[in-house]
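Residues: numbered from 1 along the sequence shown.
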Amino acid sequence: MIEAWSAADVRAAEEPLLASGVPLMERASFALATIVARDLARRRSVALPDGGRRDGRVTGARAVLLVGSGNNGGDTLHAGAYLARRGVDVLAVLTGEHAHAGGLAALLDAGGRVEVLVGSPDDTTRAGGPHDHLDPHVADRVAAQVARADVVLDGLVGIGARGPLRGVAADLVRHVSAVLDGDAHAGGEPGGDGVPGDGGGRSSGSGARGRPWVVGVDAPSGVGVDDGTVPGPVLRADRTVTFGAAKPGLLLPPATHLAGHGAVVDIGLRLGAPAEGGGAPRPVVRRLERADVAARWVVPGPTDHKYTRGVVGVVAGTPTFPGAAVLVADAAVRTGPGMVRYRGPDDVTRAVLAARPEVVPAAGRVQSWVLGPGVPPVPGPDDDPVDDGGQHERVRSALAAATGELAADVVGERVPVVVDAGALSLLPDRCPPSVVLTPHAGELATLLRSRGDDLTRADVEAEPLRWARRAHEATGATVLLKGSATVVVGPEGAWSQADAPAWLATAGAGDVLAGILGTVLAAHAARVVREPGLAAELAAVAAVVHGLAAERANPGGPVAALDVADAVPAVVAELLAAR
């Protein structure tokens, strides 16, 4: 499991080490240089007669360092000095005259070159008054040097920076990005490490032959380190080397898609230890890895039967949208429950049974519900009536049971529930965390507007963690916010998963996720009701399986929702075989 800690927690963990003289910068810069040299060698690999490849020589490679003031710039300069001693031609481009003195001296002693960019005052009115800006001709010249490099290290700002890049740094990043993003992105990929940013590397491209390999130092400059926002220009990284611990912005969208592959360098920090006079801090966000998913998966034993393995109840689809019911039921069955029960109109029931004859079209005890896929929202007072096929009343009944108020046609105790699509409009004022909402950004904005917040879909997409937290606070439910990276928020923290290819943004994919999640919750039903934080963790489990199934369905190419459901059993088997 990957845990990402706030910049404040990381700095607090650094303080006692720095006070005792631990050389944190030396550790960080040496590790940074080692990783960069390894990536360079892989990118400069040569073909062997047997068809394999051998790492190439680092000597003669060209590196450009983009360096600001402060310790992050110092890490970058010291790493440049190590690279220069290995025969790399290193040019450090400083955005001002106040670079880290020790790092600058080390680079010059190692034979590196330095160019200092000094901005000219710009009287154009901006918030905060005039700012220095980079002469466009100088910016173009530096961008051309960057384009000819083999590797670029982005050390412009550190994790303490707030807000967008400004002045010379912003101008430089804009010019460099314009040059680099004009190149094709294909091939030449050193490969990921299974650590923060890997999802971003897959979705954003991986550095093409002829394009320099861009390495973010601690975090890509300009991203929201603690919240994953992207308030201004950012140089998209192919890898981010981060020190001490992963930072939230490397895991959270939209910044995760700019972070590339990840590498966390251990510099000896102790995170999570109880603070003096207070409790232990918690990570801002977590990310599950494959081994974590396998460890949480319930495997039936020899004494299990269909009623002990989890029964999933489904209220989905209408005569207008019967396919949603088929997709939910198919995904639920393929994820491995003991039984799937379907409740809905007769014609939709026939469609479900034609696709999945194992489904039971009858009321009875369930251990989780999946409510709402393919069901329209309840119309407002000024809207035209909708044909919901009786599904709104079925959703209300199941929600009453899930939130503790048993209804006449639902048998059994309170159980977890997945609330999707049209069922979101039927939520009660407050829900237990065993209720998992699965909106996309537009649906989340609609939900929060109905509870007094003024926001749009674009607002949610710009700050997914903030608004998922707000939805959790407003409803009490666990919130799984679907997107290119899925964010889950519950009472014990947040999760962010970026396991899916961009091809998964297709109709019906959310219905498949709902079916997978319903089965995962059913397998842990009693614990989910009893343990407030478990639903969020299991929602992250479902998101991982969903993403891996999409990739397995057609690696590197387009997928249809039903193909994703079809791939789930093989993904589960592969995960379990490795545990």
Side-chain angles (χ1 to χ4, degrees), residues 224 226-229 248 251-256 282-287 368-373 375 377-378 380 395-396 398-399 402-404 416-498 509-511 513-514 517-518 521 528 532-543 546:
D226 284 343
D227 59 12
T229 56
L251 303 187
L252 290 166
T256 189
R282 293 196 305 185
V284 174
V285 64
R286 300 176 175 91
R287 176 169 291 177
S368 75
W369 283 101
V370 178
L371 308 176
V375 176
V378 174
V395 168
R396 287 189 182 95
L399 270 175
T403 55
V417 59
V418 180
V419 181
D420 189 47
L424 293 166
S425 63
L426 290 162
L427 280 180
D429 288 340
R430 297 295 296 176
C431 300
S434 55
V435 174
V436 183
L437 316 184
T438 59
H440 55 59
E443 290 167 336
L444 188 70
T446 299
L447 174 66
L448 288 176
R449 283 197 301 270
S450 72
R451 294 177 182 243
D453 290 291
D454 182 15
L455 75 160
T456 65
R457 179 179 188 135
D459 294 327
V460 176
E461 291 172 337
E463 298 181 89
L465 178 61
R466 173 189 175 185
W467 294 111
R469 280 175 170 165
R470 171 63 186 139
H472 166 64
E473 293 164 358
T475 65
T478 298
V479 178
L480 182 155
L481 176 57
K482 295 181 286 196
S484 54
T486 294
V487 174
V488 184
V489 175
E492 296 180 4
W495 307 81
S496 178
Q497 299 299 145
D511 304 332
L513 174 60
L517 177 54
L521 292 174
V528 171
L534 183 58
E537 188 171 351
L538 294 177
V541 166
H546 186 233

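- Residue pairs satisfying the side-chain hydrogen bond (donor to acceptor under 3.5 Å, both in side chains) criterion with at least one member in residues 453-464, sequence neighbours excluded, are listed as follows: D453-R470, T456-D459, R457-E461, E463-R466.
- Identified under the side-chain hydrogen bond (donor to acceptor under 3.5 Å, both in side chains) test for residues 427-437, with sequence neighbours left out: none.
- Here the shortest heavy-atom pairing between A498 and R287 reads CB-NH2, 3.7 Å.
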Check against side chain to side chain contact (heavy atoms under 4.5 Å, CB included), V479 and L444: CA-CA 9 Å; V479 178; L444 188 70; 4.3 Å; yes

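- With sequence neighbours excluded, the residues satisfying side chain to side chain contact (heavy atoms under 4.5 Å, CB included) with S450 are L447.
- Remark: S425 pairs with no residue by the side chain to side chain donor-acceptor pair (under 3.5 Å) rule, at least two apart or across chains.
- Using a 4.5 Å heavy-atom threshold, the side chains of P416 and V436 count as separate.
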Verdict with reasoning, L427 to L437, per side chain to side chain contact (heavy atoms under 4.5 Å, CB included): CA-CA 9 Å; L427 280 180; L437 316 184; 3.7 Å; yes

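- For the side-chain hydrogen bond (donor to acceptor under 3.5 Å, both in side chains) condition, the pairs that include at least one residue of residues 473-491, sequence neighbours left out, are H257-S484, D420-K482.
- For the residue pair V285 and S496, the shortest heavy atom distance occurs at CG2-N, 3.7 Å.
- Annotation: the span from T446 atom OG1 to L424 atom CG amounts to 9.0 Å, rounded to 0.5 Å.
- The two residues T256 and A485 come nearest to each other via the heavy atoms CG2-CB, 4.0 Å.
- For R469, there are no side chain to side chain donor-acceptor pair (under 3.5 Å) partners at least two apart in sequence or on another chain.
- Using a distance-only test at 3.5 Å, with no hydrogens or angles considered, no donor-acceptor pair links the side chain of H546 to the main chain of L517.
- Here L521 contributes atom CG and W369 contributes atom CH2; the two are 14.0 Å apart, rounded to the nearest 0.5 Å.
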Working for side chain to side chain contact (heavy atoms under 4.5 Å, CB included), residues R286 and E537: CA-CA 9 Å; R286 300 176 175 91; E537 188 171 351; over 6 Å; no

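- Of all non-hydrogen atoms in A462 and P254, the two that sit nearest each other are O-CD, 3.7 Å.
- Scanning both residues, V284 and D226, for their nearest heavy atoms gives CG1-O, 4.0 Å.
- Under the salt bridge (Lys or Arg N to Asp or Glu O under 4.0 Å) criterion, E443 pairs with no residue at all, not counting sequence neighbours.
- The shortest non-hydrogen separation linking W467 to V460 is CD1-CA, 3.7 Å.
- Here D227 pairs with nothing under the salt bridge (Lys or Arg N to Asp or Glu O under 4.0 Å) rule; sequence neighbours left out.
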